S.K.: 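Below is a structure I'd like to ask you about.
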Amino acid sequence: MKTISICNNKGGVGKSTITLFLSDFFSSQRTENRKLRILVIDLDSQGSSAISLLGLQRVAKIKSEKGCFSDVLIKINQGNKFSLSKYLHKREETQTTTQKIPLGELHVIVQEQTRTLKLEDNCDQQQCLQLVKVFKKIIEEKFDLVFIDMPAKIEPDRHKIALAGLRCSDHILIPTEPTRITLNAMTDTFNLIQYARGIASKRDDLIEIIGIVLNKTDRRTKQYRLHHADLYDMAAKHQTIVFDNFLPTAPALSSASDDSLSFLTLRERYSNYYDNVRAIAIELATKCGYGVKRIKTKGRKNVSS
Ligand SMILES: Nc1ncnc2c1ncn2[C@@H]1O[C@H](COP(=O)(O)OP(=O)(O)O)[C@@H](O)[C@H]1O
Ligand SMILES: [Mg+2]
């Protein structure tokens with residue numbers, strides 16, 4: 001199992017969008033003899049990706065029935081027995097108006113604010129880290145890839161569960177936009193990652209920043225030309241790379257959250273952009289493996305791990 005956090009301490013840069021697209025993409029991919037098993041942990045209690053994958057009503061029900069991440073961590077903390085299935089919520093099959101899209105297995109974990117804050121009040125950072133580690137061990141054999149959709153505005157000493165999630169990740173992707181304000185805010189994110197590394201510094205499980213993912217980008221614009229050198233410098237300084245142009249600024253995407261069908265049928269509804277998603281997934285699978293057997297490409301070489 002590999003855990004990939006999608007992290008930027010600034011809001012609105014595309015963390016949830018990238019989590020949705022990548023998790024959906026990898027859920028359709030195969031490892032040796034079966035499809036990859038994907039888990040999305042939405043650590044943002046606003047629940048953008050959880051709501052997109054499960055629907056608003058289902059997420060509200062999960063919260064009211066105490067089926068959230070904080071709830072399972074509380075059970076672990078109390079040493080109580082629990083059934084894991086109460087906390088892993090499966091994306092349902094869907095039939096669209098035009099075609100049936102076979103969806104891969106994808107489960108979602110929902111986060112809830114009040115109980116998380118209470119847990120964080122009662123436990124210190126090391127205790128929170130231990131709880132998340134125990135949970136990670138429990139799910140280790142059940143999933144191939146875990147995507148953590150991080151919240152924004154994480155504060156050291158305060159948001160201990162999010163920091164523990166970050167510390168337990170193998171890889172980090174940092175979405176950003178090519179604007180001055182967003183690029184200036186990147187320092188905050190790199191500092192946060194450095195802080196998370198320090199929570200438990202063990203040389204053999206250091207979190208690796210796999211790349212900065214440029215979102216809402218058009219290479220032809222002045223903005224892109226103005227900032228792309230800075231972005232590449234920043235990536236080099238932090239020993240990482242830039243995944244150039246994840247998605248252009250797409251009007252259909254900015255209104256996606258208002259659509260009732262949400263992201264359930266990503267591939268059909270955003271087919272124009274899915275090639276970009278595939279391209280970045282290929283780069284990721286090439287660099288990290290992720291157990292992917294083969295990604296079919298359009299007119300490009302297939303990728304095998
Ligand atoms: N490439 C894009 N083009 C247009 N809108 C986008 C794009 N990427 C994300 N968005 C929109 O921007 C808003 C913020 O994106 P989101 O993924 O929720 O960011 P974050 O999780 O970092 O806060 C959402 O309404 C989303 O639909
Ligand atoms: Mg988000």
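Hydrogens, waters and symmetry mates are skipped; everything else that's a heavy atom, side chains included, is used. Both ligands and their constituent atoms are indexed starting at 1 by order of listing. Quantities reported herein were computed from a predicted structural model and do not represent experimental measurements.
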S.K.: Please say whether Val13 places an N or O atom under 3.5 Å from an N or O atom belonging to ligand 1.
M.R.: yes
S.K.: List ligand 1 atoms under 4.0 Å from Thr249, heavy atoms only on the residue side.
M.R.: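 Here the atoms of ligand 1 in question are 3 (N).
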S.K.: Can you find a non-hydrogen atom of Gly14 under 4.0 Å from ligand 1?
M.R.: yes
S.K.: What orientation do Phe246 and Phe21 show, parallel under 30°, tilted 30 to 60°, or perpendicular over 60°?
M.R.: perpendicular
S.K.: At less than 2.8 Å, would any N/O/S atom of Ser16, backbone or side chain, sit next to the Mg ion (ligand 2)?
M.R.: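 Looking at Ser16, which is the residue asked about, there is an N, O or S atom under 2.8 Å from the Mg ion (ligand 2).
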S.K.: Only one of Ile148, Ile161, Ile172 passes side chain to side chain contact (heavy atoms under 4.5 Å, CB included) with Leu166; say which it is.
M.R.: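 Testing each of Ile148, Ile161, Ile172 against Leu166, the sole residue satisfying side chain to side chain contact (heavy atoms under 4.5 Å, CB included) is Ile172.
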S.K.: If I apply the N/O under 3.5 Å rule, does Lys216 come out as touching ligand 1?
M.R.: yes
S.K.: Which word best sums up how the rings of His238 and Phe190 line up, parallel for under 30°, tilted for 30 to 60°, or perpendicular for over 60°?
M.R.: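 If you compare the ring of His238 with that of Phe190, the planes turn out parallel.
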S.K.: For Pro248, take its heavy atoms, then give the atoms of ligand 1 lying under 4.0 Å from any of them.
M.R.: 1 (N), 2 (C), 3 (N)
S.K.: Hey, does Ser16 come in under 3.5 Å of ligand 1, counting only N/O atoms on both sides?
M.R.: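 Between Ser16 and ligand 1 (N or O atoms, distance only) the closest approach is under 3.5 Å.
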S.K.: Below 4.0 Å from any atom of ligand 1, is there a heavy atom belonging to Pro175?
M.R.: no
S.K.: With distance as the sole criterion, is a donor-acceptor pair present between the side chains of Tyr274 and Asp24 under 3.5 Å?
M.R.: yes
S.K.: Give yes or no for whether the N/O distance cutoff of 3.5 Å, strictly under, is met between Asn215 and ligand 1.
M.R.: yes
S.K.: For Gly12, counting its heavy atoms only, list the atoms of ligand 1 lying under 4.0 Å from any of them.
M.R.: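 Contacts of ligand 1 toward Gly12, numbered from 1: 14 (C), 19 (O), 20 (P), 22 (O), 23 (O).
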S.K.: Where does the angle between the aromatic ring planes of Tyr224 and His228 fall among parallel (under 30°), tilted (30 to 60°) and perpendicular (over 60°)?
M.R.: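 Parallel.
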S.K.: Do you see a donor-acceptor pair shorter than 3.5 Å between the side chains of His107 and Tyr87?
M.R.: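 Result is no, nothing qualifies.
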S.K.: Would you call Glu177 and Lys216 a salt bridge, using N to O less than 4.0 angstrom?
M.R.: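 Between Lys216 and Glu177 there is a salt bridge, with a charged N closer than 4.0 Å to a carboxylate O.
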